[in-house]
Each structure stands twice: as C-alpha cells, then as structure tokens.
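Numbered from 1 within each chain, the chains take letters A, B, ... in sequence-line order. No hydrogens, no waters, no symmetry mates; every other heavy atom, side chains included, goes into these values. The shown structure was predicted, so the numbers you read here are calculated from the model rather than taken from an experiment.
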Amino acid sequence: MHAETPAVWDFAAFTEGACLGQVEIELDAAHLALWGQVFGRAPEPEALSRSLLVSAMMEGYLKVAQPRPPGNIHAGQTLQLKGPAPKSGQRLRVTTRCKAAYERKGRKWVRFASEVAGSDGPLLQGEILTIWAR
Amino acid sequence: MSEQITKEASTGLPDRLEPRSLASGPETVASYAELTADFNPIHLDPDFAAKTPFGGPILHGTIGLSLLTQAIEATFGDAETALEIRFLAPAPVGARLTAGGERLAEGAAAYLVYVETDDKRRVIEGQLRLPGTQATPPSHTRDQSQ
C-alpha cells in the first residue's frame with residue numbers, strides 16, 4: 001500500500017502499513033564531505049562508517065514526511081545493522097512506512113519503519129518513534 | 001583515550017565499547033542539517049530557539065545516535081547489531097558528546113549503551129544486542145538450567 005501524499009502530514013494523514021515513499025541517495029562526495037565536517041575526520045572511501053546509513057535513514061524519512069507540522073519529537077529509535085560497511089559512491093534506497101499511529105495518554109505517537117538498502121539487500125532496518133505535534 | 005578495554009575470556013567480548021567523542025558547534029549542526037535535510041530552526045536559529053523551552057539551539061538527536069553507531073563499529077566492526085534507544089534529553093549546541101557502553105552481564109552479548117555530555121548527563125540510553133554472537137549465558141541462568 002502506498003500512501004497518497006497529503007497536503008500536510010498531520011496525525012490524521014497516517015495509515016498503518018502505508019508507504020510514505022522511497023528516496024534514492026548516493027553516498028557522493030557532497031555527502032561524505034558533510035559527514036567529515038560533522039564528525040571531524042575524513043571518511044574512508046572503501047569502508048565508510050555505518051553512521052552514514054543512519055543519516056541516510058533520516059534524510060529519506062525527512063524528505064518523504066514533507067511537509068509536516070512543526071514541533072514533532074523524535075523519542076526513540078531501533079536499528080538493525082547488517083552487511084558490509086557502505087562504500088563511496090554507493091546508491092542507497094531508503095523506504096519509509098508508517099508502522100503504527102496511535103494515541104496514548106493524550107499524546108499522538110507515530111512509529112515509522114525505515115529500510116536502507118543497497119543493491120544486495122537491506123543494510124539498515126529501523127523504527128523511528130515519534131510524538132507527533134498535531 | 002588510554003583506558004584499556006578488557007575482554008572476557010569465555011566470549012571474547014569486551015567489557016565496554018570503544019568510546020567516541022564529538023565537540024559540537026554551530027557549524028556541526030549546519031553541516032548535519034545539510035547531510036540529513038533537517039533544517040528545523042530549533043537546531044539552527046538562535047533567535048527562534050531562544051523562545052523555546054530549551055532556551056537555545058539544540059543538537060539533532062541523531063548526531064548522538066550516529067556517534068553511538070561509530071562507537072559500536074569501532075568495537076565490533078561490521079558485526080550484525082541490534083540497537084534500541086531512547087532520546088532522554090536534548091544537548092545544547094556547543095556540548096561535547098561521548099558515546100559508550102558497558103556489557104549488561106557476564107557472558108551476555110548485550111550492552112547498556114549511552115551518549116552523554118561532559119557533565120555526565122545522558123542524552124541517549126538504550127540496549128545493544130549482537131544477534132550473531134554466541135555468548136555464554138550468565139552464571140545464574142546456567143545454574144537454573146542444570
């Protein structure tokens with residue numbers, strides 16, 4: 001199931017199981033330079049840090065959950081990392097789904113399932129647990 | 001860091017993760033915003049952030065999560081890992097973060113992991129498991145099964 005893109009991703013727009021979208025990200029020179037600026041060291045092209053998969057997961061999620069109301073809180077996260085370290089120039093496909101959307105104790109919780117995959121399969125699977133503003 | 005990381009003989013697993021640290025500043029969040037397409041003004045705009053309960057810009061939470069991922073890969077290389085964490089508190093832009101972790105029990109292939117500021121305030125905490133690692137069960141578990 002693929003979600004229709006709403007005018008704004010407010011809580012009512014989420015359907016459990018629906019795919020918000022897929023984004024293709026290349027670990028290109030621009031991504032590696034920014035990562036190096038954040039973490040203060042040059043990336044190793046043949047064995048990049050898996051933390052680039054984490055930033056790719058966030059980039060993919062933020063690009064499809066757009067526009068969204070301000071004030072959402074990233075409350076928790078699961079990550080399963082497997083496979084070899086990513087490489088410079090590798091293309092990643094980031095898929096973001098709504099796994100669950102529910103209200104509890106007056107808060108609106110949305111749990112997103114994210115997968116970051118290379119050509120040989122998933123490298124990162126995780127859940128982004130958020131408290132949605134409205 | 002010169003502190004020696006010891007390993008348990010029966011599992012070969014270290015007692016602690018290799019820590020990783022990061023000194024942050026406005027340029028850190030500016031680059032991370034570009035990297036992840038997260039331009040929330042709570043991270044980037046001092047005037048906006050001053051009017052929020054945080055009183056000033058805060059680091060993206062996943063900067064700390066990325067640092068924790070680096071501590072895990074420094075310790076275990078490309079082993080399969082399963083991580084579950086909570087973001088406990090925001091860290092102000094300018095804070096220095098350190099990611100680390102300690103094994104939960106003797107023989108266990110599981111760790112309490114965290115990211116904290118220099119004043120030992122934890123901003124991330126959770127558990128790391130190594131699904132592909134054969135670990136000896138804790139001694140009290142072994143006793144019960146006999």
**Prompt:** So with a 6.0 Å cut-off around CZ of A:Arg107, is the heavy-atom count from everything else above 12?
**Reply:** no

**Message:** Can you tell me which of B:Asn40, B:Val29, B:Leu65, B:Thr28 forms the most heavy-atom pairs within a distance under 4.5 Å of chain A?
**Reply:** B:Leu65

**chain A-proximal positions within residues 41-55 of chain B [heavy-atom distance under 4.5 Å]** = none

**Partner chain A: residue of B:Ala23, B:Ala79, B:Ala74 with the largest heavy-atom pair count (under 4.5 Å)** = B:Ala79

**Prompt:** When rounded to the nearest 0.5 angstrom, what is the spacing between OG1 in B:Thr62 and CG in A:Leu62?
**Reply:** 8.0 Å

**Asked** Using non-hydrogen atoms only, which part of A:Leu129 is less than 4.5 Å away from chain B: side chain, backbone, both, or neither?
**Response** side chain

**Request:** With a 4.5 Å heavy-atom cut-off (strictly below), which parts of residues 64-83 of chain A touch chain B? List them by number.
**Result:** A:His74, A:Ala75, A:Gly76, A:Gln77, A:Thr78, A:Leu79, A:Gln80, A:Leu81, A:Lys82, A:Gly83

**Message:** Surrounding CG of A:Asp120 (heavy atoms of other residues, nucleotides or ligands, distance under 6.0 Å), is the total greater than 12?
**Reply:** no

**Message:** A:Phe39 vs B:Leu22, test: side-chain contact (heavy atoms from CB on, under 4.5 Å). Steps then yes/no.
**Reply:** CA-CA 7 Å; A:Phe39 295 105; B:Leu22 167 75; 4.3 Å; yes

**Message:** Does any backbone or side-chain atom of B:Thr69 lie under 4.5 Å from a heavy atom of chain A? Answer side chain, backbone, both or neither.
**Reply:** side chain

**Prompt:** Going through the checks in order, is the side-chain contact (heavy atoms from CB on, under 4.5 Å) test met by B:Leu35 and A:Glu59?
**Reply:** CA-CA 7 Å; B:Leu35 180 63; A:Glu59 180 181 356; 5.7 Å; no

**Item:** Donor-acceptor pair, side chain of A:Arg50 and main chain of B:Asp78, under 3.5 angstrom
**Value:** yes

**Complete:** For A:Leu34 and B:Ser31, the nearest pair of non-hydrogen atoms, with its separation, is CD2-O, 3.8 Å

**Message:** Any side-chain to backbone donor/acceptor pair from B:Gln70 onto A:Ser51? Under 3.5 Å, distance only.
**Reply:** no

